[in-house]
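Structure record follows, encoded as structure tokens.
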Amino acid sequence: MVASKPPTNLQIAELLRDVAAAYQLKDQNKYKFQIIAYERAADAVEHATSELKDLWDDEELENVPGIGSGIAKHLDEIFRTGKSKHFESLMKGIPPTAFKLMELPGIGIKTAMKLVKEAPKKEIAEKLKEVEVREKKDKRHLLPYAAMTASELIEYMLKCNAVVRVDTLGSLRRQASTVGDIDIAVATKDSKIVLDHFVDYPKAQKIIEQGDHTASILLPGDIQVDLNGSTAGKLRFASPAFYRQ
């Protein structure tokens, strides 16, 4: 898959864990070292302080602890072409649902495959729903990190001349200890200009959606930011620190 945006660290980490699971399914004893290597690499990528794509651009991919030359070669292919032929060959025949079920506690790839083949469809649907609930719960971020991410984005938004003022909403505005999606409201002279500026944010990994007055983007760290734009004067704000002077 050649994507307009490179995969995030979390997406890469998930892929590497899927590769480890595929090796385990093939022969757990024969591929013991490959399994360990890919699981270790997945942990390293998930906790990396920089996006792997940026490190790849700077030819520093192999400097990440846990990523050896072999794995780096496959990641290089992904960043160049959008896919890895080796990974696709290795995981061929394994249903995506099996990898999804592995996100539940106590379910490894062999159990997941057995469920996919033998369990009733209703049971599978219920387990996938459980996975979805867990994913939403796990997508919360600590307040300091969310606040820093929002502050950087707001600084960028205020560079747009059509922006009158900006404010954070929801759990970030309430200063909750953890934050899910980051919600931002913008009072603007021109919604289209503001929304175009928003989705062009250099750190955006993916444009989730863009309408006439709202848009959503995905940032590094799997953080979703939702923006609501409205004609200046129609929105009320509580945090003057972010107002345009």
Side-chain angles (χ1 to χ4, degrees), residues 1-19 41-61 63-64 66-67 71-72 74-84 87-88 96 99-100 103 131-132 134-160 166 168-172 178-184 186 194-211 214-229:
M1 58 167 192
V2 179
S4 57
K5 293 288 185 180
T8 66
N9 284 6
L10 289 179
Q11 290 171 330
I12 294 172
E14 182 179 334
L15 173 61
L16 295 177
R17 290 193 177 98
D18 289 348
V19 171
D43 290 339
V45 171
E46 187 170 352
H47 296 97
T49 56
S50 300
E51 283 296 312
L52 247 63
K53 174 57 166 60
D54 296 335
L55 295 173
W56 177 76
D57 287 336
D58 296 334
E59 299 183 352
E60 296 181 356
L61 205 54
N63 292 339
V64 178
I67 296 183
I71 294 177
H74 298 311
L75 293 178
D76 172 74
E77 184 182 1
I78 288 174
F79 287 129
R80 285 188 294 103
T81 69
K83 62 182 180 179
S84 163
F87 290 174
E88 288 186 349
F99 292 122
K100 206 69 178 173
E103 297 181 31
V131 170
E132 184 180 345
R134 291 178 66 89
E135 286 179 339
K136 289 182 179 179
K137 182 179 179 181
D138 291 342
K139 279 182 65 177
R140 298 194 69 81
H141 311 277
L142 293 175
L143 176 61
Y145 180 63
M148 178 185 69
T149 300
S151 179
E152 291 177 353
L153 177 58
I154 288 170
E155 182 180 355
Y156 166 79
M157 291 303 300
L158 289 174
K159 293 178 181 178
C160 177
V166 185
T168 55
L169 303 174
S171 54
L172 183 55
T178 61
V179 176
D181 295 345
I182 294 176
D183 297 307
I184 294 177
V186 176
V194 167
L195 290 171
D196 288 343
H197 183 71
F198 174 67
V199 298
D200 283 341
Y201 185 45
K203 290 188 177 182
Q205 296 283 337
K206 175 184 177 182
I207 300 173
I208 299 173
E209 64 176 352
Q210 180 177 1
T214 62
S216 299
I217 58 176
L218 188 69
L219 302 184
D222 210 28
I223 297 181
Q224 180 173 326
V225 182
D226 302 322
L227 181 145
N228 175 58

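Every heavy atom of this structure was used, including side-chain atoms; hydrogens, water molecules and symmetry mates were not.
- Rounded to the nearest 0.5 Å, atoms CZ (Arg17) and CG (Asp43) are 5.0 Å apart.
- Side-chain contact check for Tyr145 versus Ile223: some heavy-atom pair is nearer than 4.5 Å.
- Across every non-hydrogen atom of Gly66 and Ala41, the tightest pair is O-CB, 3.5 Å.
- Other residues, nucleotides and ligands place more than 12 heavy atoms under 6.0 Å from the CD atom of Glu60.
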Exercise. Taking it one step at a time, do Phe198 and Leu153 satisfy side-chain contact (heavy atoms from CB on, under 4.5 Å)?
Worked result: CA-CA 9 Å; Phe198 174 67; Leu153 177 58; 3.8 Å; yes

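- In this structure, Glu103 and Glu14 approach most closely via the heavy-atom pair OE2-OE2, 4.0 Å.
- Using the six-membered ring where Trp is involved, His197 and Tyr156 have ring planes that are parallel, under 30° apart on the 30 and 60° scheme.
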For this session: Carefully, step by step, assess Leu172 and Ile184 under the rule side-chain contact (heavy atoms from CB on, under 4.5 Å).
Result: CA-CA 9 Å; Leu172 183 55; Ile184 294 177; over 6 Å; no

Problem set entry | side-chain contact (heavy atoms from CB on, under 4.5 Å) evaluation trace for Met157 with Val194 | CA-CA 8 Å; Met157 291 303 300; Val194 167; 3.7 Å; yes

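- Scanning for side chain to side chain contact (heavy atoms under 4.5 Å, CB included) contacts around Glu51 gives Thr8, Asn9, Asp54, Gln205, Pro220, with sequence neighbours left out.
- In this structure, the separation between CD on Gln210 and CG on Leu227 is 10.0 Å, given to the nearest 0.5 Å.
- When side chains are defined from C-beta on, Ile78 counts as touching Phe87, because their heavy atoms get closer than 4.5 Å.
- The shortest heavy-atom contact between Thr168 and Ala150 is CG2-CB, 4.3 Å.
- Atom CD of Glu152 sits about 8.0 Å away from atom CD of Glu155, to the nearest 0.5 Å.
- Proximity of Leu15 to Phe99: side-chain heavy atoms (C-beta onward) are nowhere separated by under 4.5 Å.
- Contact between Ala13 and Val45 at its shortest, heavy atoms only, is N-CG1, 4.1 Å.
- For Ser151 (side chain) and Ala147 (main-chain N/O), no donor-acceptor pair under 3.5 Å exists by modelled atom type.
- Distance check: Ile207 CD1 to Ser216 OG gives 10.5 Å after rounding to the nearest 0.5 Å.
- The two residues Asp196 and Val199 come nearest to each other via the heavy atoms O-CG2, 3.4 Å.
- Distance check: Ile182 CD1 to Thr149 OG1 gives 5.0 Å after rounding to the nearest 0.5 Å.
- Expressed to the nearest 0.5 Å, how far CG of Leu16 lies from CD of Gln11 amounts to 12.0 Å.
- Using a cutoff of 4.0 Å between basic side-chain nitrogens and carboxylate oxygens, Asp18 and Lys100 are not scored as salt-bridged.
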For this session: Take Asn228 and Thr214 through the test side-chain hydrogen bond (donor to acceptor under 3.5 Å, both in side chains) and record every step on the way to the result.
Result: CA-CA 5 Å; Asn228 175 58; Thr214 62; 6.0 Å; no

Problem set entry | Check against side-chain contact (heavy atoms from CB on, under 4.5 Å), His74 and Asp76 | CA-CA 5 Å; His74 298 311; Asp76 172 74; over 6 Å; no

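- Here the closest non-hydrogen pair linking Ala215 and Leu195 is CB-CD2, 3.7 Å.
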